Amino acid sequence: MDHLTLNRRSFLLSSASAALLSSSSLISAASESSTLDQRQIILVAPDQPFRILQITDIHFFGKNRDVDDPKTMKLIENMLQKFEPDLIAVTGDFWSNDQGGQGVSFCEQCAKRIDSFGFPWLFAWGNHDEVLDRPKAHSILESMPNTLYSRGDGNGNYRIELQDKKTQKPLWQFYMLHTEKVGVSTRETDWLKNECASLPKTPGFVFCHIPVLQYDEIWENGKAIGIKHEKVCNEKENGKALPKIAETGRVSAMFVGHDHVNDYSGESCGVNLVYGRATGFGGYGADKVAKGGTLIEILPGQKSYSYLSVFPDGTTWKQQRES
């Protein structure tokens, strides 16, 4: 893969230059981008690839934090150096529960750790990302210098848009969903439907933590490729969410985490369902599936994308069916 021209520096410069657009351009972009503020818009060249490193189930502040957390930080650092993404997507279980009221503190420390790498980053809440004061946690996450996080609808459902840096035309959407402990619920699908209603028809990804029921179905019916070492934990989601997501006509793929030793993908309802490779040593599974991340490469002008599991030594793994 070729290195991207939109690196961390050019991302920041493009965001700054966007503020200097003419009034007519700003009005046009705002009408197409619904409720987005400038921080939630990434300007890109349509003919250049755009890379996202999905990291998931990091589980900072676990039982063996003094050993596991430094190992996880080094793993992430090495993947960033080897693969040079333009964006990091953290898809839940950033930290390990509230633990005696420390959830907000854990949230702040985790956010500072990821922010210290200097890459723009997104965050979708996981079931272990517990806090007693959610509004304060929202404010902490939003305050980080490199984050694109937004409390969005008030509960952490929000959208990020890739735009053509010359025309400000929308090219791709990222929908970050908060699945709580129950999975994708009506709250998320209603928000997604409303968010998509005024958008032009562009490709998009859903990033969230808990998989939908169809992740199990695609494996059982032989449509999936990759590895599966544990039951799909869709929690209370009963299979109704994905058809509603597909009905929007705006979601090409879902990228989730939650199940640490599953790394596979397959299509259902016209949506590609992808497990991200679990990242953190604070979570289980390293004895069965090597910790790493998922590198997603988008070609915005061609409306196409690809993905690979990636590792800190620079190696990659393309999903293939294994029993």
Side-chain angles (χ1 to χ4, degrees), residues 1-22 25-26 28-30 32-33 36-55 76-91 114 117-122 145-149 159-176 199-207 250-255 265 272 274 276-277 292-311 314-318:
M1 295 181 181
D2 296 330
H3 292 316
L4 294 175
T5 57
L6 184 66
N7 55 25
R8 287 169 287 165
R9 179 173 174 80
S10 60
F11 168 85
L12 295 172
L13 290 174
S14 65
S15 295
S17 64
L20 301 177
L21 291 170
S22 66
S25 295
L26 284 171
S28 174
E32 291 177 338
S33 301
L36 296 185
D37 61 36
Q38 193 56 53
R39 198 174 192 181
Q40 295 170 268
I41 295 171
I42 304 175
L43 302 178
V44 300
D47 59 345
Q48 294 294 323
F50 183 86
R51 286 179 175 174
I52 306 163
L53 179 65
Q54 179 196 5
I55 55 177
I76 296 169
E77 179 183 15
N78 286 345
M79 289 194 298
L80 293 172
Q81 290 176 349
K82 295 290 185 180
F83 298 103
E84 299 183 345
D86 293 282
L87 182 67
I88 301 170
V90 182
T91 54
I114 295 300
F117 291 120
F119 289 76
W121 58 280
L122 308 173
N146 296 306
T147 190
L148 279 68
Y149 177 83
R159 175 171 62 92
I160 302 296
E161 182 170 283
L162 298 188
Q163 288 185 4
D164 186 317
K165 65 181 182 180
K166 292 184 178 179
T167 67
Q168 285 74 59
K169 177 183 177 182
L171 298 172
W172 213 283
Q173 309 292 336
F174 305 141
Y175 306 97
M176 312 297 287
L199 295 177
K201 193 168 184 180
T202 55
F205 294 151
V206 163
F207 289 101
R250 303 294 191 274
V251 178
S252 302
M254 290 183 68
F255 292 88
S265 62
N272 194 18
V274 186
R277 175 64 65 119
T294 301
L295 187 68
I296 307 159
E297 182 168 280
I298 297 171
L299 297 175
Q302 298 180 25
K303 298 183 179 180
S304 64
Y305 67 95
S306 59
Y307 49 91
L308 291 166
S309 299
V310 296
F311 306 98
T315 59
T316 65
W317 179 74
K318 187 175 182 180

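Please read these numbers as outputs of a predicted model, since none were measured by experiment.
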At what distance, to the nearest 0.5 angstrom, does [atom1] of [X] lie from [atom2] of [Y]?
X	Y	atom1	atom2	answer
I298	R51	CD1	CZ	12.0 Å
I296	F255	CD1	CZ	4.0 Å
R250	K201	CZ	NZ	6.5 Å

Can you name the closest pair of heavy atoms from [X] and [Y] and give their distance?
X	Y	value
S265	N272	CB-OD1, 4.1 Å
E161	R159	OE1-NH1, 3.0 Å
F311	R277	CE2-NH1, 3.5 Å
L171	P203	O-CD, 3.4 Å
L148	Q40	O-CG, 4.3 Å

Would you call [X] and [Y] a side-chain contact if the rule is heavy atoms closer than 4.5 Å?
X	Y	answer
L53	M79	yes
L122	I160	yes
M176	Y149	no
Q54	Y307	no
N146	I88	no

Subject >> Positive for ring pair (Phe, Tyr, Trp, His ring centres under 6.0 Å) with Y305, one of F50, F205, F174 >> reply: F205
Does any N or O in the side chain of [X] come within less than 3.5 Å of the main-chain N or O of [Y], such that one atom is a donor and the other an acceptor?
X	Y	value
E77	F117	no
R39	T147	yes
N78	Q81	no

**OP:** Check side-chain contact (heavy atoms from CB on, under 4.5 Å) between T202 and all other residues, then give those that pass, not counting sequence neighbours.
**Re:** P170, Q173, P200
**OP:** Apply side chain to side chain contact (heavy atoms under 4.5 Å, CB included) to the pair T316 and L295, showing each step before the final yes or no.
**Re:** CA-CA 9 Å; T316 65; L295 187 68; over 6 Å; no
